[in-house]
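Have a look at the structure below before the remarks.
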Number of protein chains: 2
Amino acid sequence: MAREKKINVVILGLLNHEDLTGYDIKKRIDEAIGFFWKGSFGNIYPALKELEEGKYIKSRTDSAGNREKIRYRITAKGKKLLEDWLKEEQISNELRYETLLKLFFAGASDRETALRNIEVFEGEIRRDLGILKVYCKSLESIKDDGDHIYYYLTVTFGVDTYEAYLKWCTKAKKILGK
Amino acid sequence: MAREKKINVVILGLLNHEDLTGYDIKKRIDEAIGFFWKGSFGNIYPALKELEEGKYIKSRTDSAGNREKIRYRITAKGKKLLEDWLKEEQISNELRYETLLKLFFAGASDRETALRNIEVFEGEIRRDLGILKVYCKSLESIKDDGDHIYYYLTVTFGVDTYEAYLKWCTKAKKILGK
DNA sequence: AAAAGATATATCAAAATGATACATAAAGAA
DNA sequence: TTCTTTATGTATCATTTTGATATATCTTTT
């Protein structure tokens, strides 16, 4: 089987929960999986067309008022593709941390710059961790219903790793002498 | 100032340490910063040409034997660009974890599949953590010389976060009933 | 001497990114 | 009421990155 483009399986995964428009899909990606995955209109809309051509999803145009709205639903063929991808053991996990890049090359500048970059990172992580903890708390009570358990686990991944980041920040600042 | 393409600053950062060929650059990226950054010939070679056109680097062709070898050196202008980038506070840090994606969508399949995906992830992380720890140990004794401190800090980031990943794996497997 | 693996440059199709354009609908302020 | 801002919605495009492949030489192993 050909290696499926990632945006395709992301779309299928989201449509497997509920019917959505392209715009909804973008929002779901940003809100629910935004801390570990991204999507843009630039690949969502073309992918939706492709997936419909391949009969993995089906569209329904909803013209309430003057506004055209295209809502998509996953087909049996689409569910099959999603399940096949889930069962593939090959995974690609990637970090792209500009903070680490800057730290690695920090010798080209001074310690103050290196420290400031760590502090900027720390600030962002602290803020995002706050948001993740709120999600985590609200999921704790419902995590045993249906598929919430999986959502809960991804959020705890975020919380645990972000806490590790913060600990590292403290250590790194100390080592750099602050 | 225009937002600089990331591969450009990666190349400048590496050339700031020593003169390198395109092939060397690819190797350095894979070895030294591979766990948090990637590069490919497909963007390294065109970027080298562009950077030379902009006078950020200078090439020296070394034709020992029949083999042509193009070695690059950073210029003062290139150093300036590198420093400017280091001082920009805007950073973009990204995770792209297929493992989390599969976990988030695991409801479309069964718990065994979800567990297997976590185990695959765990295996990879355990292997990579072993490598990182070796690097970490060898850097510990020289971390106070020159710029090694920054290399050491990036490696400890890897070690700390990978250890957090492993702890999360244990917890996640337990929650999923194993 | 042959085979295999590392070195080296280069290109290309496919995919992702980030920005923008355009238009309607809804909410809030003046 | 009217004006303005924000959210919804589809769509495209240039730039960048990815991943694979092509081609050739040099080095090490068998």
Side-chain angles (χ1 to χ4, degrees), chain A residues 2-11 14 19-31 33-34 36-52 54 57 59-72 85 90-98 101, chain B residues 2-11 14 19-31 33-34 36-52 54 57 59-72 85 90-98 101:
Chain A
R3 290 278 282 166
E4 206 57 36
K5 180 158 63 172
K6 296 292 163 62
I7 189 64
N8 285 359
V9 288
V10 171
I11 290 173
L14 290 171
D19 295 356
L20 300 166
T21 67
Y23 185 82
D24 292 334
I25 288 168
K26 172 75 164 98
K27 266 207 312 183
R28 289 287 183 290
I29 293 176
D30 290 346
E31 290 162 6
I33 62 176
F36 68 83
W37 208 267
K38 288 173 84 177
S40 66
F41 294 131
N43 65 351
I44 291 170
Y45 284 107
L48 284 169
K49 282 182 182 164
E50 243 184 69
L51 284 168
E52 182 158 37
I57 60 177
S59 73
R60 188 163 44 83
T61 303
D62 168 9
S63 300
N66 279 332
R67 178 77 149 289
E68 144 164 299
K69 226 165 137 171
I70 311 168
R71 192 170 297 277
Y72 293 90
W85 168 71
Q90 203 184 356
I91 46 167
S92 113
N93 293 318
E94 287 168 40
L95 284 174
R96 285 174 57 103
Y97 268 17
E98 199 173 352
L101 210 49
Chain B
R3 290 278 283 164
E4 204 58 37
K5 180 159 64 172
K6 297 293 164 62
I7 188 65
N8 285 0
V9 287
V10 171
I11 290 173
L14 291 171
D19 295 357
L20 299 166
T21 66
Y23 185 83
D24 290 334
I25 288 168
K26 172 74 164 98
K27 266 207 310 182
R28 288 288 184 290
I29 293 176
D30 290 347
E31 290 162 6
I33 63 176
F36 67 83
W37 208 269
K38 288 171 84 175
S40 66
F41 294 130
N43 64 352
I44 292 170
Y45 284 107
L48 284 170
K49 282 182 183 165
E50 243 183 69
L51 285 168
E52 182 158 36
I57 59 176
S59 72
R60 188 163 44 83
T61 303
D62 167 10
S63 299
N66 280 331
R67 177 77 149 289
E68 143 163 303
K69 227 165 137 170
I70 312 169
R71 193 169 297 276
Y72 293 90
W85 168 72
Q90 202 184 355
I91 46 165
S92 114
N93 292 320
E94 288 168 39
L95 284 174
R96 287 174 55 103
Y97 268 17
E98 198 172 353
L101 210 51

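The shown structure was predicted, so the numbers you read here are calculated from the model rather than taken from an experiment. Lettering follows sequence order; numbering is per chain, from 1. What you see below is based on every heavy atom in this structure, not just the backbone, and it leaves out hydrogens, waters and symmetry mates.
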Given DNA chain C, 5'-ward residue of the pair A:Arg67 and B:Glu68, judged by closest heavy atom: B:Glu68
What bend angle does the helix from C:dA1-D:dT30 to C:dA30-D:dT1 show across its length, from five-pair end axes and to the nearest 10 degrees? 30°
In whole Å, what is the span from the CD atom of A:Glu98 to the C1' atom of D:dT17? 15 Å
Pull out every protein N or O sitting under 3.5 Å from an N or O of nucleotides 15-18 of chain C, one pair per line with the distance.
from	atom 1	to	atom 2	distance (Å)
C:dA16	OP1	A:Lys6	N	3.4
C:dA16	O3'	B:Arg96	NH1	3.1
C:dT17	OP1	B:Arg96	NH1	2.9
C:dG18	OP2	A:Lys38	NZ	2.8

Starting at atom CZ of B:Phe36, determine the distance to atom P of D:dT17, rounded to an integer number of angstrom. 15 Å
Please give, in whole Å, the distance from D:dG19 P to B:Ile29 CD1? 13 Å
Please name all residues satisfying side chain to side chain contact (heavy atoms under 4.5 Å, CB included) with B:Ser40, sequence neighbours left out, ordered by chain then number. B:Asn43
Decide side chain to side chain contact (heavy atoms under 4.5 Å, CB included) for A:Leu95 and B:Arg96; before the verdict, give the C-alpha distance in whole Å, the side-chain angles of both, and the deciding distance to 0.1 Å. CA-CA 6 Å; A:Leu95 284 174; B:Arg96 287 174 55 103; over 6 Å; no
Within a 6.0 Å radius of atom CD on B:Gln90, are there more than 12 heavy atoms belonging to other residues, nucleotides or ligands? no
Nearest whole Å is fine: how far is D:dA7 P from A:Asp24 CG? 15 Å
Grab the CD1-P distance between B:Ile25 and D:dT17 for me, whole Å please. 14 Å
Would you give the length of the straight line joining atom CG of B:Leu101 to atom CD1 of A:Ile29, rounded to the nearest 0.5 angstrom? 9.0 Å
Tell me, please, which residues at least two apart from B:Tyr23 pass side chain to side chain contact (heavy atoms under 4.5 Å, CB included). B:Thr21, B:Lys27, B:Phe41, B:Tyr45
Using a heavy-atom cut-off of 4.0 Å across all strands, would you classify B:Lys26 as base, sugar-phosphate, or nothing? nothing
Assess, by modelled atom type and distance only, whether the side chains of B:Glu98 and A:Trp85 contain a donor and an acceptor separated by less than 3.5 Å. yes
Taking only side-chain nitrogens and oxygens of A:Thr21, does any of them come within less than 4.0 Å of OP1 or OP2 of D:dT10? yes
A:Asp19 side chain reached by A:Arg60 side chain, heavy atoms, under 4.5 Å: yes
Does D:dT10 have OP1 or OP2 under 4.0 Å away from a side-chain N or O of A:Lys69? no
Residues that B:Tyr97 engages under side-chain hydrogen bond (donor to acceptor under 3.5 Å, both in side chains), provided they are two or more places apart: B:Tyr165
Whole angstroms only, please: what is the CD1-P distance between B:Ile70 and D:dT25? 16 Å
N/O (side chain, A:Tyr45) to phosphate O (OP1/OP2, D:dA11) under 4.0 Å: no
Looking at D:dT10, I'd like to know if its phosphate oxygens (OP1 or OP2) sit under 4.0 Å from a side-chain N or O belonging to A:Tyr23. no
Counterpart residues, side-chain hydrogen bond (donor to acceptor under 3.5 Å, both in side chains), relative to B:Lys26 (two or more places apart): B:Asp30
